[in-house]
There are 2 protein chains.
Amino acid sequence: MSRSIHPAGAPAYADLEARFQRLYRLEHLGAIAGWDQAANMPPKGNEARAAAMAELETLMHAQRTDPALRDLLARAEDEPLSDDQRANLREMRRDWLAANALPSALVERRALATARCEHAWRTQRPANDWAGFVENFRPVVQVAREEAMHLAEATGLAPYDALLDRFEPGMTGAEVERVFGDLRAWLPGLIRQVRERQQAEPPVIRPVGPFPLAQQKAISLAVMRRLDFDFEGGRLDESTHPFSGGVPEDVRLTTRYRLDDLMQSLMGTVHETGHARYEQNLPREWLGQPLARARSYGLHESQSLSFEMQLGAHPGFVAQLVPLLVEHFGAQPAFEAENLARMVTRVEPGLIRVDADEVTYPAHVILRFEIERALIEGVIDIDDIPALWDEKMMLWLGRDTRGDFRDGPMQDVHWPSGLFGYFPCYTLGAMYAAQWFATMRRQMPDLDARIAAGDLAPVFDWLHDHVWRQGARWTTPELTRRASGETLNPAHFRAHLERRYLG
Amino acid sequence: MSRSIHPAGAPAYADLEARFQRLYRLEHLGAIAGWDQAANMPPKGNEARAAAMAELETLMHAQRTDPALRDLLARAEDEPLSDDQRANLREMRRDWLAANALPSALVERRALATARCEHAWRTQRPANDWAGFVENFRPVVQVAREEAMHLAEATGLAPYDALLDRFEPGMTGAEVERVFGDLRAWLPGLIRQVRERQQAEPPVIRPVGPFPLAQQKAISLAVMRRLDFDFEGGRLDESTHPFSGGVPEDVRLTTRYRLDDLMQSLMGTVHETGHARYEQNLPREWLGQPLARARSYGLHESQSLSFEMQLGAHPGFVAQLVPLLVEHFGAQPAFEAENLARMVTRVEPGLIRVDADEVTYPAHVILRFEIERALIEGVIDIDDIPALWDEKMMLWLGRDTRGDFRDGPMQDVHWPSGLFGYFPCYTLGAMYAAQWFATMRRQMPDLDARIAAGDLAPVFDWLHDHVWRQGARWTTPELTRRASGETLNPAHFRAHLERRYLG
């Protein structure tokens, strides 16, 4: 395992590196066990698996809260370190803070409250049982507010910002407000314009199935190869909820095939391959250290969306799927390149975030951001959520959701699991992705022609240099500035949507 | 997780139970990571996986060598305990002894010596490079001799017995000598008789392939279902070297399919299913404690051989495979029941242990037992092995192996890995299996008719009651006596072979 060479005068730093290397090895076991749980495990293995993974968590938590760390981190600050080592030390401190900022009694209460709420949610959601849900959700919100206070105290951030910072370091509610505020000004009008335009067009022709799973799998693998996924360092399998798991040395993607819908799994695979290539190309020489981790959830999403939306829904890329589809399923009218391109860019305001297209998706995120921020700050209470939800859905997407909790505020697992501050990452990711491609087009004016010619290397090389191999070396704003010459600028996302949907 | 209720006056014992429960959870992660390594892992994951598994080993070793254990074990002896708890405590002490009997410097030297020897062996064996092998093998033998001395001191056993005891608790070299001595008297003659008889018969008709892998897999799964493998608590996958892994709650079998040979993977699957059902039926209420472990490697092998040899090569069982084979591959002369039965009982003295039939297999084991025992006791040295090997192969199987190290003393991974004392378990397992079936036939005179009618429940019920659900509650001789009314008696194995091959 390659390791950084630290100056001889850095014994505290060297000790820290060794400790994080050990943690990395244990994380490996958890990642593989977690992937296996989703992709392979038979039902009777569940109880023992949960106990084993909890035991590992306990062990790792004990290592991350070892009292010796505080002193080591302090001493390492005064040691002679390279720039990379100093960045690594900064990330070590972030990790330490996340593990040590909360009293263990609160950690336990959080585990209990979220486990109970999430478990009940799995039956309460289909039953549309908001009243029952609220009972379990109340302690989750209570714990999250306390958690936000503790994290705020430890970081010096505002409470909601401290939650957000766990997923998107350096991002604040005010900054999200700034970039989302920009969206508020033009997105509703854009959605309306796109809808009008698409409704005037002839209807999209849907592919006619069934689509045998073995053929779908062959297409997924072929597309992953085209996207330069390294099969010597990863696999594609199946699970109920697709994800990108495993470890950087061995990335485990999953997808789910539906007999009646081939595009869903295909685009899902393209999305997960974006996550996977980020992981597969994190800085090798630093693997095992916090510096080699992906920068943030928002940046991770910027990679999956660079693949799925910027590239996957690109008419030049879509045209290249045609021979693959015809080869495996025979020719049919739906497989005409122009029809396919219109299919993957179809805009339909709907109730469900995960089914949303790239134009309406930000509306789902903004409404959640506004509600969860107010909820954490105590400006609103749980009972205010349904009315706010309905009001915002009506405003943004013109959908009445009164009385529909199932496909309203109960639709996502994030809140029942206590993951407040996560939702903004989805739309931040879409914005970063647009900013990356705007930069690429500026630097490589023939980019679209090359994509259309099947030459994706310029895209991958750019992402590799500016995002993947940077790991967590820079804060997100610094990485963004180095990559694109400016910090996050929502104008690129707007330009992307206008160009693709109104151009 | 269900746990034993210990009397309130047993705090040391309760502490030990909690510690072993935690170890069990960590073992779970190692078992799944190990299975994944063999069944799924792409090549670039190997280095990180090895580091992660070594880290887990280190952690578990630290827990098993915690100095507090010695006192806890001593105090628990004086606490009021149930019989099961006392048996569990005995097994805890065995585990503790295995982890604590060796100085850590020796453990490190062993790890280095065996890793180096095994690694070199992988290329030296195909190159038939005995001289090169000896150089790496010498430190392995040296360490094994020291290890035997330390274990002998800790257990009060003779040195070789102390090695054997790791795999077959309670078994001694003298006892192996007794039962193998019996074989020596009649096996060579039996082999000769069987060979003469089979050579006088018309030749066996070989199945004509290719046999598509998907069909082979379907047959393997069907046979596993017939053998009552619980698919809610386990899976069948593929790996280069078939094994039964995972954990009792989630058993992972692997097999390997060859396009040109369907019986090899089918019989391999039957064999591994025997291991699997033992694991799946260990005493549930004790899972997590040493009492719930399989008793020994010999008893484990007695289960795989009960399935593969006693049952799998039983003409009544073989006849039931016919419709399955015809369904998947169409009718062909080789699939006649009588021909199939002769195929799986074909006796051919060969050079390779793992390819041997059940009649000549013990010869391979006896020769290894004689050589390794003398080697550990210092009666012979490494340089004496080739001549002894050749002499014994000539005596037992009439095969000249002079100059053939590759398919002679270098053929197995056990010695390069330092696993001295393991080989006897294979033939002890075959003998136990014969003893189980002799007992069943005594208790259920219609057993063979029921097997021929496809009713395997009597076999499974008997094994369940007498072996599987006993776990490690009894020592092997005690379990054997309780199950069959006597301790290990090689006469049953002889009777089995004479009945099947000369009857």
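Quick note on labels: first sequence line is chain A, next is B, and so on, each numbered from 1.
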Looking at A/V247, A/L59, A/N46, which has the largest count of heavy-atom pairs under 4.5 Å with chain B? A/L59
Can you check whether A/F243's main-chain N or O pairs, donor with acceptor, with A/T254's side chain at less than 3.5 Å? yes
Most chain B-contacting option - heavy-atom pairs closer than 4.5 Å, from A/G246, A/G234, A/P248: A/G234
For chain A, the option from B/R22, B/M41, B/E27 that forms the most heavy-atom pairs under 4.5 Å: B/R22
Using non-hydrogen atoms and a 4.5 Å limit, figure out which bit of A/R252 sits close to chain B: side chain, backbone, both or neither. side chain
What do the steps show when you test A/K44 against B/Q280 for side chain to side chain contact (heavy atoms under 4.5 Å, CB included), and what is the final call? CA-CA 11 Å; A/K44 288 186 185 169; B/Q280 288 190 324; over 6 Å; no
If you count heavy-atom pairs within less than 4.5 Å of chain B, which of A/G45, A/A33, A/A54 leads? A/G45
Whatever's closer than 4.5 Å to a heavy atom in chain B on A/Q63 counts as side chain
Is any side-chain heavy atom of A/F329 closer than 4.5 Å to one of A/Q216? yes
When you measure from the centre of the six-membered ring of A/F307, is the NZ or CZ of A/R277 under 6.0 Å away and within 45° of the axis? no
Which heavy atom in A/P42 sits nearest to a heavy atom in B/G233, and how many Å separate them? CG-C, 3.8 Å
Heavy-atom distances under 4.5 Å only: say whether A/N40 touches chain B with side chain, backbone, both or neither. both
Counting heavy-atom pairs under 4.5 angstrom with chain A, the leader among B/T58, B/D250, B/L26, B/L56 is B/D250
Answer whether the closest heavy-atom distance between the side chains of B/E17 and B/W286 falls below 4.5 Å. yes
